[in-house]
Amino acid sequence: MDLQRPGIVVVSGFSSNVGKTTLVCELLRRLRGWEAVKVTRGHSRSCGRDPEACCVSDLLRAEPVVRSGREANFEAGKDTGLFWEAGAANVHWVIVNDDRVEQGIQEAIARVKSEAVIIEGNSLLEFVTPDLAIMCARADGGTIKSSARAALKKSDVVYLSSLNADGDRARREFTEWQSTLTIDLDFDNLPILTQEDLPQLVSLLAELNELPRPTSIT
């Protein structure tokens with residue numbers, strides 16, 4: 001059966017602690033009725049390469065595990081809990097081995113009943129063609145993971161997180177950081193947004209619901 005898929009927004013990041021989850025929550029607060037997907041990738045040696053200490057090793061299966069609904073995945077302080085508290089209509093937690101990421105994401109998207117969903121992660125862009133891809137970075141740049149370099153090539157917007165700088169200063173810091181790069185990263189034609197531009201970003205996302213969607217076969 002052919003079904004129209006929801007609008008898809010992917011939020012990626014240069015590395016950990018660049019404000020991905022914070023941005024997802026900011027968007028969910030403003031886009032009422034949207035759902036969210038959290039993808040946790042693991043293997044038997046993840047989380048310090050100690051299977052006993054791994055945060056998801058006991059949940060991993062040969063096939064993806066998708067936990068949907070508040071009773072199944074709400075935990076205060078965790079990303080899924082933060083998504084619920086931000087107002088997500090539903091949250092889907094995908095726990096998956098590296099070789100089953102695409103399957104897990106597609107299963108989660110198939111459960112989405114709202115008009116749009118926000119998915120957080122970098123390598124997801126290997127398997128999903130979103131309506132908008134947002135790359136999060138600190139104003140001072142920082143470290144860039146290899147997965148982020150690949151995701152940047154598929155991103156539509158760069159969003160700068162900064163605790164101590166207004167939008168103009170954050171952009172200046174980011175430009176200064178770019179001038180120090182020894183690797184080739186292409187930011188040409190990518191809008192650089194900050195927290196001050198959240199209304200503009202929300203308006204852009206709200207317009208996605210008015211666009212025709214491709215169909216997916218389930």
Side-chain angles (χ1 to χ4, degrees), residues 1-13 16 19-44 46-47 51 54-134 136 147 151 202 205-206 208-209 211-218:
M1 179 173 59
D2 289 347
L3 296 175
Q4 190 177 69
R5 72 158 175 79
I8 297 173
V9 175
V10 171
V11 175
S12 304
S16 301
K20 297 189 300 295
T21 300
T22 299
L23 177 59
V24 171
C25 290
E26 293 280 6
L27 295 175
L28 289 170
R29 290 187 187 98
R30 293 165 171 80
L31 295 162
R32 292 296 179 177
W34 282 39
E35 299 181 30
V37 174
K38 169 67 177 180
V39 180
T40 301
R41 300 173 66 164
H43 51 79
S44 62
S46 59
C47 298
C54 179
C55 57
V56 294
S57 61
D58 61 327
L59 302 177
L60 285 170
R61 303 291 183 270
E63 296 297 313
V65 175
V66 183
R67 293 185 168 186
S68 301
R70 191 179 182 94
E71 290 186 2
N73 62 44
F74 178 86
E75 186 174 347
K78 299 295 186 180
D79 288 355
T80 52
L82 294 173
F83 294 164
W84 281 111
E85 290 170 351
N90 199 354
V91 177
H92 311 275
W93 183 24
V94 179
I95 305 124
V96 64
N97 287 304
D98 286 345
D99 58 353
R100 289 289 186 271
V101 174
E102 181 175 15
Q103 181 183 349
I105 294 170
Q106 295 301 335
E107 287 185 16
I109 291 174
R111 297 187 183 191
V112 173
K113 299 186 182 303
S114 63
E115 293 182 342
V117 61
I118 303 177
I119 309 175
E120 180 185 325
N122 283 359
S123 54
L124 311 179
L125 292 174
E126 299 175 30
F127 314 112
V128 175
T129 301
D131 297 283
L132 191 78
I134 304 169
C136 290
S147 60
V202 170
L205 297 181
L208 295 179
N209 288 336
L211 300 176
R213 302 272 170 238
T215 57
S216 58
I217 300 176
T218 60

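Just so you know, these numbers use all the heavy atoms, side chains as well, and skip hydrogens, waters and symmetry mates.
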### Task
Taking the side chain as every heavy atom from C-beta outward, state whether D131 and R5 have any pair of such atoms under 4.5 Å apart.
yes
### Task
For K38, enumerate each residue passing the salt bridge (charged side-chain N to carboxylate O under 4.0 Å, His left out) test, keeping only those at least two apart in sequence or located in another chain.
D79
## Note on the structure
Residues passing the side chain to side chain contact (heavy atoms under 4.5 Å, CB included) test with E102, sequence neighbours excluded, are Q106, F127
### Task
With rounding to the nearest 0.5 Å, note down the distance linking CG in L124 to CD1 in I8.
10.5 Å
### Query
If every non-hydrogen atom of V10 is compared with every non-hydrogen atom of P130, which pair is closest and at what distance?
CG2-CB, 3.8 Å
### Query
How many angstroms lie between atom CD1 of I118 and atom CG of L27, to the nearest 0.5 angstrom?
4.5 Å
### Message
Taking side-chain hydrogen bond (donor to acceptor under 3.5 Å, both in side chains) as the definition, give me every residue that meets it alongside N73, ordered by chain and number, with sequence neighbours left out.
### Response
W84
### Over all atoms of both residues, closest heavy-atom pair of L28 and A88
CD1-CB, 4.0 Å
### Query
Rounded to the nearest 0.5 Å, what separation is found between the CD atom of E120 and the CD1 atom of I134?
11.0 Å
### Task
Search all heavy atoms of G19 against all heavy atoms of C136 and return the closest pair with its distance.
O-SG, 4.3 Å
### Distance (rounded to the nearest 0.5 Å) between E63 CD and R100 CZ
5.5 Å
### Message
Strictly by salt bridge (charged side-chain N to carboxylate O under 4.0 Å, His left out), give each pair with a member in residues 69-78 just once, sequence neighbours left out.
### Response
none
### Query
Where do Q103 and V96 land on the side chain to side chain contact (heavy atoms under 4.5 Å, CB included) test, with the steps shown first?
CA-CA 9 Å; Q103 181 183 349; V96 64; over 6 Å; no
### Message
Between S114 and N90, does the side chain to side chain contact (heavy atoms under 4.5 Å, CB included) criterion hold? Intermediate values first, please.
### Response
CA-CA 9 Å; S114 63; N90 199 354; over 6 Å; no
### Query
Are any side-chain N or O atoms of N122 and backbone N or O atoms of S12, one a donor and one an acceptor, separated by less than 3.5 Å?
no
### Task
Can you sort out the partners of R30 under side-chain hydrogen bond (donor to acceptor under 3.5 Å, both in side chains), two or more places apart, ordered by chain and number?
E26
### Query
Quick one: OG1 on T40 to CZ on R67, what's the gap to the nearest 0.5 Å?
10.5 Å
### Task
Report the C-alpha distance between F83 and T21 in whole Å, list the side-chain angles of each, state the deciding distance to 0.1 Å, and finish with yes or no for side chain to side chain contact (heavy atoms under 4.5 Å, CB included).
CA-CA 8 Å; F83 294 164; T21 300; 3.9 Å; yes
### Message
On a heavy-atom basis, which atom in G87 and which in R32 lie closest, and how many Å separate them?
### Response
CA-NH1, 3.0 Å
### Query
Who are the side chain to side chain contact (heavy atoms under 4.5 Å, CB included) partners of A108, not counting sequence neighbours?
V37, V66, H92, V94
